[in-house]
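Take a look at the structure set out below.
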Amino acid sequence: MRRERAYLILRDQSMGEVHSFGMLGLLAATPALPLDEAGKYVAGAYIVFLALIVIYVAIMATKLQRIEKDLRDVARFAEQGSPGTPGREAEDNSDQAAPGRGSEGPSISDSLAPHGSRGGGA
Amino acid sequence: MYGRALKPLSIATTVAIVAAFSLVFFYAPLDADQGFIQKIFYLHVPLAITALVGFVIGGVFAIAHLRSGNSKWDAYSYVSIHMSVIFGVAVLATGSIWAKASWGHWWVWDEPTLVSFLIVFLMYATYYPFRYAIEDRERQGRYASVFAIVAGAFVPLNFMAVRMAQSLVHPRTFGTANGGLPGSMMLTFLVCLLAIGLLWVTLVKFELTAKSASGQVKRLRRALDAPAPGGRSRVAPEVS
């Protein structure tokens, strides 16, 4: 009811006034958004979709952070020229534990069974 | 190299999604039968189509892998299937919400469309344990490709079987004698399909880029650890 009242008020006002309301005015002037019983299901469906995307991006961000850390380790290792890359031993162990982990191969397939991303990928 | 065109693709995807959702809520008319609930259609159906097409694309990449033996195609196939499984989760979630709003139940077991999609989804859910149960890298890729091809062939067969089945409650929107969507709804649907398709492509490229970067780091580590032709490690030379 409040939405309908807002719509009626806005209908009688000039466009300039509608702009001044901003997003609230736009929502109120849009009869295609009846946020009643049906609205909560529609909102739920779209929120689930957006949540999945956000979760995926968050997981990918974590993976990218790990890659960045690995890259920093390798760069430091290359610059210092000291034996034993930090974390290398641990990774070697995890590589052995990870099923499907071979010894050689093109770089893209190396990442198909890394630690942490097995099965999940994202 | 996988990251090439990722930026314009991401921008195009964002623009397409914003345009699609704007059309859904501010342009497409309310459905005469379902009313506002029908807005879920513009999300649910493109997600389902994209997921199913993605499974088939994964099968096509798997064929390329078996034909060429290039593990790049195996990675493409894996990422395509992986992304389609994620989209499949979204299809099941949005479908359940729509079912609850429309039919009063979260799930209807005697509806072929729902159950067949669940079967396809669960079949692809077994792809991960199947793949990673095999230790040898080459065998893993080969077997996973065979799985992807067989499962990919099952998807259109399954779709046709469902179309031929007598539906109980799930509507048939496209290509039916009762008529399809009106123009404005069809335009909105097509823009949504384009947006979701673009999202799938972008996320596949994003994942491939991340995997490639991760693989490059590992390759670099191996190269740094490997002894140089003179018998000395290239990164850990003996200091005299």
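Throughout, a chain's letter reflects where its sequence line sits, starting with A, and its residues are numbered from 1. The basis for the numbers below is simple: all heavy atoms, side chains too, and nothing from hydrogens, waters or symmetry mates.
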(message) Return the CZ to NE2 distance between A:Phe49 and B:His44, rounded to the nearest 0.5 Å.
(response) 13.5 Å
(request) Show the numbers, then the answer: is there a ring pair (Phe, Tyr, Trp, His ring centres under 6.0 Å) between A:Tyr46 and B:Phe21? (result) CA-CA 10 Å; A:Tyr46 280 83; B:Phe21 286 2; 5.1 Å; yes
(request) Sort B:Leu47 into side chain, backbone, both or neither according to what part of it lies under 4.5 angstrom from a heavy atom of chain A. (result) side chain
(message) What's the separation between atom CD in B:Gln216 and atom CD1 in A:Ile67, rounded to the nearest 0.5 Å?
(response) 10.5 Å
(message) Please find the pair of heavy atoms, one from B:Leu224 and one from A:Ala78, that lie closest to each other, and give the distance.
(response) CD2-CB, 4.3 Å
(message) Can you confirm whether more than 12 heavy atoms, excluding those of B:Phe121, are under 6.0 Å from its CZ atom?
(response) yes
(message) Quick check on the structure: residues of residues 11-19 of chain B within a heavy-atom distance below 4.5 Å of chain A, by number.
(response) none
(message) Are B:Leu199 and A:Ile53 packed together at the side-chain level, in the sense that at least one heavy-atom pair is separated by less than 4.5 angstrom?
(response) yes
(message) What's the separation between atom CZ in B:Phe36 and atom NZ in A:Lys40, rounded to the nearest 0.5 Å?
(response) 13.5 Å
(request) Could you tell me whether the side chain of A:Phe77 reaches within less than 4.5 Å of the side chain of B:Arg221, counting heavy atoms only? (result) no
(message) Can you tell me which portion of A:Leu64 sits under 4.5 Å from chain B's heavy atoms? Options are side chain, backbone, both or neither.
(response) side chain
(request) Measure A:Val42 against the heavy atoms of chain B and call it side chain, backbone, both or neither at under 4.5 Å. (result) both
(request) Count the heavy-atom pairs under 4.5 Å between each of B:Val85, B:Thr94, B:Ile37 and chain A, then report the option with the highest count. (result) B:Ile37
(message) Within the structure provided, determine whether A:Tyr41 and B:Lys39 are in side-chain contact (heavy-atom separation under 4.5 Å).
(response) no
(request) Below 4.5 Å from any heavy atom of chain A, which atoms of B:Ile196 appear? Answer side chain, backbone, both or neither. (result) side chain
